[in-house]
Structure formats: structure tokens, C-alpha cells
K.L.:
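Encoded as C-alpha cells, here's the structure I'll be asking about.
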Amino acid sequence: MSVAVGAALAAKIDGKKHHVFAITSDGEHQEGSIWEAVMEAGNFKLNNFINILDWNRLQIDGWTKDVQCLEPIVDKYEAFNWDVIEVDAHDVKALTDAFDKAYQSKEKPTLILANTTKGKGVSFMEDVAGWHGKPPNREEMTKALNDLGLSDNFNLEKFFKIGADHQVMVEKKLDEKLPKFSRDFWWNKQDNMKVDMDPTRKGLGRALNEYGSDERVVCIGADISDSITISQFYKDHPERMNRWISVGVAEQAGTTVAAGLAKEGKLPVFGTYGVFSSARNLDQLRVSVCYSDFNVFIVGAHGGVSVGPDGATHQELEALFQMCGLPNMRVTVPVDSIETKKMTRTLLFDVVGPKYIRFAREATPIVTDESSPFKFGVANVFRFRGEKETFKDAFEIKLATEYESENEDLTIVSCGPETAEAMRAAWILKTDYNIETRILHLHTLKPIDSNAIVKAARETGAMVTAEEHQVGGLGNRVAAVVMNELANIGKVVPFGMVGVKDRFGESGLPWQLIKEFEVAGEYIADKARKILKLG
């Protein structure tokens, strides 16, 4: 909305007579930036600005009145010096009349309060919050078109064929550019090396469900509570509802509320998509949380490209730069849902101060179990021991502090679900080139396990970093450790980085995007064979 304010101001400055329009949502009005724009437009008397507010009264977490009530919305706009026109937005004549009236405003911006019904005319969609962010399947689409009396207006066979043909083309393109090896090492394509998948986010929900009985724990949701599983804190425990706070679409406020709770001795957990919990509220994290060293637990869900179809705005590829750059912040990136649960418990009760956890949305490989070693701040070493029936059993895991060198040829340093891709790369390298690889899994990125990194660099003599993130979020930190420790003694370590190459995300299926952004195991193995000059 502030962009529209800027465009309207530009028109005023240039003496142009056109109008500028914005379309906003009711849930969006829980953001402070909206009300800054409302204040600006009224203050600058932008009579050339018309905001259309889609007033359907729903957001992802439910009815706006139950999440963060916005009423009386008309009074609020009028208090900011706006003209307000209410209209049934399903009545086209009434809507066009509202525009005609808005054009006549002499001194004020105009709000067209467009009363709508989400999913109007579709029997199973009307006033159902769950349809905010998901498409109908084919059966549901057929039913919806029938409800709307449009069944004869669309050739569904042709429609779906276009989509299917496009997917074939995309898959072909991705497979053509994927580095080639002796066979197809993709997930579950072999008769052995099978892997189970589970979303890492489930680990957070399971931990909050199990450990949330501590009366100090307070969870703060931000409109996508079920998606990131933070709502598991109270779903089976209604007695915890007095310790559940929903701030709606207000990440900056949620962060500072968490700071206040921590100041009073609570253990606040604030969670939303990583793009919002590490970026939109960065100033609040810096000043209100980290500067005061408050014990606030920040959840960065849906990290990387695993939100797939949500596209660039929701694919968090920058958080490691932002979070690791904040003084006092601890940063963690667990590999799977099992480790996410362990890390959540550790951050809740054992780590005091600002802390951030990054995990994915998509189901990713389970490569650890309850008996796998885990210690905050200490890297794990994964070693491939030969093909087994299950992928997980093909690897041995040890704490880096307990691992003795096996004279490996290479170290791959990784974090989060990307570590599973690093494991697959180690399998490829051993099978095709008889290369022994030490995989260093940094589930704790800050404080970083410098000892494990330096030891691996010294003992293996070559290193590749791999991250489902803008390249360097992990890689730069590892490189700095290596350079600081080894450059002084004149030791040169061949070094390569795999990550997203300075670009925004885009829409696609998550596993397609792993290939498109060149962070799949094949790209890690290819980088390794290049720095090792394997041909």
C-alpha cells in the first residue's frame, strides 16, 4: 500500500490527473505498515488514491475477529482523514458506482470497503478459511464449476493436458542439466537405500506438544500456525490456551511481544515463515531482542525452497546471513524431524538468550533416530559405510569431538535437510570414484564448531560446503574459519561452495526446485569431482 502512496505522490508532483489504486486484504490490516500508509495518504490529502479493501473477514488462522479484530474499520479510516464507501462487491453495478463516487473526492483518499464472501457460489468453499492458500484438486474443481454453472464453459481435458505437458517439459529440462553419474542415485530410485520422508516442521510441533506443559512456555502464532505446527502446543491441551497468543499478520509486533514476555521470565516461542521471522522483523530482533539479550525463541519455518508453489516471496533463502549477523543470536538448522524435536527441546530449556531455528516445510529424508548423538554447538560426522536396505543405516553418525580421522579424501560441510543431499553425494562419490567423504553436519551454525571444521580441513585436505540457501550463508562462515586457522601456516585447502546463486526463488514443486537451484546431491558430487580433479 505504501508503494501506491508513493505512486500517488509522484502523480501529484508531476501534475498528472490519473488515479492510483491498491487492493488490500483485511488480514493484511494487522500489519503496522498498512496503517503507516493509511496515515500518510490522509495526511498528504491524496484524493487521487483509492484503496479497495477486500473485506471477507477471514485469514489463514480463521475469522479476523477471533485472531486480531479490526473493527470498527470504517471509523479507523475516517479518523485518518479518508472518505469511506461501503459496497457489496459481488454487485458489479454497485461496485462501478462506488468507483464513480470515489473519483469525485476533492481532498481525501478513498477507501472502497468491498464486502465479499470467500469462495462465493461454491458450496464447499464459502466462508471456509482453509481455502485461503491451496488450490482445488480435479474433483473439487469440477464440483466448483458445476456450482457456478460454468461446467460447459471450460474444456477440462485440454486444461489439465496443458499442465501435464508442461510438467513433462520441466522434468525433462531439469534432468538434462542434472550432472550425470553411473546410475540414477535419486531418492528411492534404487532397490535398496530406501528412505522415509517426514517434514522437519513436525519435529517442532511434537516437541511443543510434549514439552509445553512447563508454565513458563508461551507460544505466539502469526496466522500460519497449523502450517508451521506451532499450534500443536495447544491442540491437544486446551488448558494451555491462556499461554497461546495469536498476533495475526503482525510479525514485528509478535517479536517485540516475545521480548516483553522474556523480560518477565517467560519462555516465549514466536513462529512464522522464515521470510517473515528473520527479515520483516529484523530491526525488532536486533534492538528489542538481541541488544537486550532476551531469552526469545524464534522459529523460521519453511526455510529454503520447500514451500515450492508459494514462490519467491515465501521462499526464505537469506536468513542465515541475517540471523548469524545479529550479536547474541544462536542459529540452528536441524537435518530432519527427529533432530528438530531434539533441537526444539534444547533451545527451550538449555540455551538461554536469543535463538533461531530454521527448518523446511516439505517432507525430507529421515537420516537420524532417537539414538543418534546430538549436542548443541557440536557438529556431527556422517560416514558412508556401504549400501544397505535403508539409506539411514548406510551411514554411521558420531559427534565430531569423538570422531577419529579415517584419512578421507574430502569433507562436505552442510546443515539442515541439505545434509541429506550431502550424504547422497558421498554415496555417489564412493560408488563412482571410490572417494571417501567426511560429512560434517552443522546443526548449530552459530556458535559454529570451528574445531571440527579445522580438523576436517587439515585431515581431508579438500572441502565443499552445501546449503539450501543463498550461497555463502553457510559457506562464507566455514571458509572464514578455514582461512583464519590454516592460512597462517601456509596450508591451502581446495574449497568449493554449493548453494543458490544470487537469485530469488520461483514457483514449482519442491523437489523440482532442489534441482533447478542446483543444490541436489548430484551438484554437490559434481563440485567435489571438479575440485578433486576427477574428470
Side-chain angles (χ1 to χ4, degrees), residues 24-34 54 56-70 118 128-135 199-209 212 218-235 240-241 243-258 268-282 284-285 296-319 337 340 344 356-364 505 507 510:
T24 58
S25 70
D26 36 16
E28 186 181 8
H29 276 65
Q30 292 158 357
E31 280 282 11
S33 60
I34 286 285
D54 178 16
N56 60 36
R57 311 169 312 285
L58 284 169
Q59 57 190 104
I60 294 177
D61 272 3
W63 297 98
T64 54
K65 65 181 177 63
D66 297 327
V67 179
Q68 284 290 324
C69 186
L70 296 162
K118 184 183 289 291
V128 178
W131 288 102
H132 180 92
K134 68 176 182 179
T200 45
R201 58 193 166 117
K202 295 288 184 68
L204 174 83
R206 291 164 188 153
L208 294 176
N209 177 66
V218 180
C219 288
I220 306 168
D223 198 38
I224 48 174
S225 306
D226 286 348
S227 181
I228 72 167
T229 76
I230 195 172
S231 58
Q232 293 303 310
F233 168 70
Y234 70 85
K235 282 292 181 69
R240 298 178 184 174
M241 283 301 295
R243 292 185 284 119
W244 166 254
I245 301 168
S246 179
V247 297
V249 188
E251 295 84 5
Q252 294 167 327
T255 301
T256 47
V257 164
V269 182
F270 172 64
T272 181
Y273 283 15
V275 288
F276 306 132
S277 67
S278 67
R280 182 168 291 176
N281 60 342
L282 187 60
Q284 285 72 26
L285 282 172
V296 174
F297 185 169
I298 302 293
V299 174
H302 299 18
V305 299
S306 74
V307 287
D310 286 0
T313 59
H314 284 56
Q315 289 169 7
E316 176 272 284
L317 298 171
E318 307 86 14
S337 59
T340 299
T344 298
Y356 185 85
I357 188 170
R358 180 184 194 250
F359 54 77
R361 179 190 189 280
E362 181 69 4
T364 54
S507 294

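The first residue in the sequence is number 1, and the count goes up from there.
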K.L.:
If every non-hydrogen atom of Phe270 is compared with every non-hydrogen atom of Asn281, which pair is closest and at what distance?
P.N.:
CE2-ND2, 4.0 Å
K.L.:
Which atom pair, heavy atoms only, marks the closest approach of Val128 to Leu58?
P.N.:
N-CD1, 3.9 Å
K.L.:
Might you work through the side-chain contact (heavy atoms from CB on, under 4.5 Å) test for Ile298 and Leu285, ending with a clear yes or no?
P.N.:
CA-CA 9 Å; Ile298 302 293; Leu285 282 172; 3.7 Å; yes
K.L.:
Measuring from Glu251:CD to Phe276:CZ, what's the distance to the nearest 0.5 Å?
P.N.:
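Between Glu251 CD and Phe276 CZ, I get 6.0 Å after rounding to 0.5 Å.
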K.L.:
Any side-chain heavy atom of Ile357 within less than 4.5 Å of one from Thr340?
P.N.:
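In contact.
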K.L.:
For Val249 and Glu28, run side-chain contact (heavy atoms from CB on, under 4.5 Å): C-alpha distance rounded to whole Å, both residues' side-chain angles, the deciding distance at 0.1 Å, then the answer.
P.N.:
CA-CA 6 Å; Val249 188; Glu28 186 181 8; 5.7 Å; no
K.L.:
Has the side chain of Gln68 got a donor or acceptor atom that lies under 3.5 Å from a matching backbone atom of Ser246?
P.N.:
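Here the side-chain-to-backbone pair exists.
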K.L.:
Which atom names give the shortest non-hydrogen contact between Pro268 and Ala258, and what distance separates them?
P.N.:
CG-O, 3.3 Å
K.L.:
Identify the two heavy atoms, one from Tyr273 and one from Ile228, that lie closest to each other, and give their separation to 0.1 Å.
P.N.:
CD1-CG2, 4.1 Å
K.L.:
Are the side chains of Thr364 and Thr200 in contact, using a 4.5 Å heavy-atom criterion?
P.N.:
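SC-SC contact between Thr200 and Thr364 confirmed.
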K.L.:
Kindly compute the distance separating CD (Glu316) from OG (Ser277), expressed to the nearest 0.5 Å.
P.N.:
7.5 Å
K.L.:
Can you check whether Val269 reaches Val218 side chain to side chain, under 4.5 Å on heavy atoms?
P.N.:
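No; the side chains remain at least 4.5 Å from each other.
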K.L.:
When rounded to the nearest 0.5 angstrom, what is the spacing between CZ in Arg57 and CG in Asp26?
P.N.:
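One gets 8.5 Å once the value is rounded to the nearest 0.5 Å.
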K.L.:
How about Ser337 and Arg206: do any of their side-chain heavy atoms sit closer than 4.5 Å?
P.N.:
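Yes, side chains in contact.
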K.L.:
Kindly indicate, with the supporting measurements, whether the criterion side-chain contact (heavy atoms from CB on, under 4.5 Å) is fulfilled by Val299 and Thr272.
P.N.:
CA-CA 6 Å; Val299 174; Thr272 181; over 6 Å; no
K.L.:
Between Thr24 and His29, is any pair of side-chain heavy atoms under 4.5 Å apart?
P.N.:
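SC-SC contact between Thr24 and His29 confirmed.
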K.L.:
Please confirm whether the backbone N or O of Ala319 pairs with a side-chain atom of Ser278, one donor and one acceptor, at under 3.5 Å?
P.N.:
no
K.L.:
Kindly indicate whether the side chain of Val257, heavy atoms from C-beta on, has any atom under 4.5 Å from the side chain of Ile220.
P.N.:
yes
K.L.:
State the CD-OG1 distance between Gln284 and Thr255, to the nearest 0.5 angstrom.
P.N.:
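Output value for this atom pair is 6.5 Å.
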K.L.:
So how far is it from Ile224 CD1 to Ile60 CD1, rounded to the nearest 0.5 Å?
P.N.:
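Separation between the atoms: 6.5 Å.
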K.L.:
What pair of heavy atoms forms the shortest contact from Pro199 to Arg361, and how long is it?
P.N.:
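Between these two residues, the closest heavy atoms are CB-O, 3.4 Å.
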K.L.:
Under a 3.5 Å threshold, yes or no: a donor from one side chain and an acceptor from the other, between Gln59 and Gln30?
P.N.:
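Indeed, the side chains of Gln59 and Gln30 share at least one donor-acceptor pair under 3.5 Å.
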K.L.:
Could you go step by step and tell me if Ile245 and Cys219 meet the side-chain contact (heavy atoms from CB on, under 4.5 Å) rule?
P.N.:
CA-CA 6 Å; Ile245 301 168; Cys219 288; over 6 Å; no
K.L.:
Would you name the heavy atoms of Gly248 and Val67 that are closest together and state the gap between them?
P.N.:
CA-CG1, 3.5 Å
K.L.:
Suppose the criterion is side-chain hydrogen bond (donor to acceptor under 3.5 Å, both in side chains): which pairs have a residue in residues 225-235, not counting sequence neighbours?
P.N.:
Asp61-Ser225, Asp226-Ser231, Asp226-Lys235, Ser227-His302
K.L.:
Could you tell me the separation between the CG atom of Asn209 and the CZ atom of Phe233, rounded to the nearest 0.5 Å?
P.N.:
10.0 Å
